[in-house]
Amino acid sequence: MIEFTKLHGNGNDFIVIDEFENEIVPENQKADFAVKYCRRKFGIGADGILYISGSDKADMKMRLLQPDASEAEMCGNGIRCLVKYAYDNGYINIGESTVETIADVYNVKTRKDDGGFWVKVNMGKPLTKRSDIPAQGDSNDYFINVDLHDYPVSVVNTGVPHAVIFVENLDFNIQNTAPKIRFDETFPNGANVNFVRIDSNDEITIRTYERGVEDETLSCGTGSVASAYISNLLGKVKNPVLVHTKGGMLNIELDDKGFLYMEGPAETIYKGVTFK
């Protein structure tokens with residue numbers, strides 16, 4: 001039997017497998033495990049499997065295996081869920097801690113109030129050059145307002161690649177548009193796709209299509225950070241920015257040194273056991 005914990009960050013839900021003491025799911029089975037158990041109605045159902053383990057570089061290590069068997073470099077909502085699990089199980093205390101991911105080591109701060117458990121993540125500096133996104137073209141060039149599939153598209157890497165597209169109306173079928181950009185050959189590693197509506201000078205609403213899930217999710221942390229950053233860069237909003245997603249709100253802030261911060265909730269849904 002395999003014990004698991006289900007958590008969500010603004011409706012972006014994850015299955016957490018605790019491998020702090022020993023490997024629970026063998027490495028050569030992790031991808032298939034994600035495919036099987038992330039499947040809704042036939043499995044547990046989730047946007048991904050989070051593995052938490054020890055780290056030589058940080059207080060803990062996070063890996064995210066996705067429903068299509070791929071492994072993501074980073075996940076904003078996922079890291080908050082992982083930190084919530086770590087706190088609940090006594091691995092960290094309220095305050096500051098660090099999390100190793102494929103993308104980087106992230107500094108986080110936790111707090112509790114009557115509204116729940118909150119995690120603030122230093123998301124680092126956004127990667128804007130094409131070589132860092134990655135995106136084809138001049139390696140030192142920026143991908144801002146580039147015409148792609150009849151949209152002006154801006155792309156930035158906030159842990160994973162994110163395309164940002166501004167629209168006036170968010171009421172449309174995202175599956176008809178997002179996959180064309182997500183799978184465009186311009187992006188060798190693919191790209192998540194965010195559609196952004198400007199609501200005021202400090203609020204935006206977004207919808208995000210996530211690679212790996214290959215569908216819209218209720219919320220995306222790295223997508224919220226990317227959308228807020230590009231909105232601010234193009235002068236559409238000021239700093240900080242309140243980001244509305246279908247699953248809830250996230251606070252995004254850019255400091256004077258260029259670092260981006262994301263703060264939002266994480267909630268435990270239930271615990272259970274399954275079989276290999």
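Both backbone and side-chain heavy atoms feed into the values below; hydrogens, waters and symmetry mates do not.
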Write down the atom of [X], the atom of [Y], and the distance for their closest heavy-atom approach.
X: Tyr91; Y: Asp18; result: OH-OD2, 2.7 Å
X: Asn89; Y: Tyr85; result: ND2-O, 2.9 Å
X: Cys81; Y: Phe14; result: SG-CD1, 3.9 Å
X: Pro67; Y: Cys38; result: CG-CB, 3.9 Å
X: Leu170; Y: Ile206; result: CD1-N, 4.5 Å
X: Pro265; Y: Met249; result: CD-O, 4.1 Å

Is a side-chain donor-acceptor pair under 3.5 Å present for [Y] with [X]?
X: Asn12; Y: Asp47; value: yes
X: Asp199; Y: His244; value: no
X: Tyr37; Y: Thr274; value: yes
X: Asn140; Y: Ser131; value: no
X: Asn157; Y: Glu73; value: no
X: Thr186; Y: Gln136; value: no
X: Thr208; Y: Asn194; value: yes

Qualifying residue for side-chain contact (heavy atoms from CB on, under 4.5 Å) with [X], from [options]:
X: Tyr106; options: Thr101, Thr98, Asn122; value: Thr101
X: Val237; options: Ile198, Val243, Asn201, Asp202; value: Ile198
X: Val155; options: Leu127, Ile230, Ile133; value: Ile133

To the nearest 0.5 angstrom, please state how far the [atom1] atom of [X] sits from the [atom2] atom of [Y].
X: Glu100; Y: Ser55; atom1: CD; atom2: OG; answer: 3.5 Å
X: Ser139; Y: Asp132; atom1: OG; atom2: CG; answer: 9.0 Å
X: Ile252; Y: Asn239; atom1: CD1; atom2: CG; answer: 10.5 Å

Over 12 foreign heavy atoms within 6.0 Å of [atom1], [X]:
X: Asn173; atom1: CG; value: yes
X: Lys6; atom1: NZ; value: yes
X: Gln175; atom1: CD; value: yes
X: Asp171; atom1: CG; value: no

Is the shortest side-chain N to carboxylate O distance from Asp138 to Arg130 below 4.0 Å? no
Arg63 with Glu71: basic N within carboxylate O range, under 4.0 Å: yes
Taking the side chain as everything from C-beta on, heavy atoms only, tell me whether [X] gets closer than 4.5 Å to [Y].
X: Glu96; Y: Lys120; value: no
X: Phe166; Y: Ser231; value: yes
X: Ile79; Y: Met74; value: yes

Lys/Arg cation over aromatic Phe117: Lys84, 6.0 Å, 45° cone: yes
Would you verify whether the NZ or CZ of Lys271 falls within 45 degrees of the ring axis of Phe4 while also being under 6.0 Å from that six-membered ring's centre? no
Apply salt bridge (Lys or Arg N to Asp or Glu O under 4.0 Å) to residues Glu263 and Arg111 and explain how you reach the verdict. CA-CA 10 Å; Glu263 185 175 45; Arg111 63 182 178 89; 2.9 Å; yes
Phe143-Phe187 aromatic ring centre distance below 6.0 Å: yes
Using the rule given for side-chain hydrogen bond (donor to acceptor under 3.5 Å, both in side chains), can you reason through Asp88 versus Thr268, listing the C-alpha separation, both sets of side-chain angles and the distance that settles it, and then say yes or no? CA-CA 9 Å; Asp88 288 344; Thr268 302; 3.1 Å; yes
Evaluate side-chain hydrogen bond (donor to acceptor under 3.5 Å, both in side chains) for Thr222 paired with His162, printing each intermediate quantity in order. CA-CA 8 Å; Thr222 53; His162 275 280; 2.8 Å; yes
Evaluate the salt bridge (Lys or Arg N to Asp or Glu O under 4.0 Å) criterion for residues Glu19 and Lys30: first the C-alpha distance (whole Å), next the side-chain angles of each, then the deciding distance (0.1 Å), finally the verdict. CA-CA 12 Å; Glu19 295 192 331; Lys30 279 182 164 62; 3.2 Å; yes
The side chain to side chain donor-acceptor pair (under 3.5 Å) partner of Tyr209 among Glu214, Arg182, Glu216 is Glu214
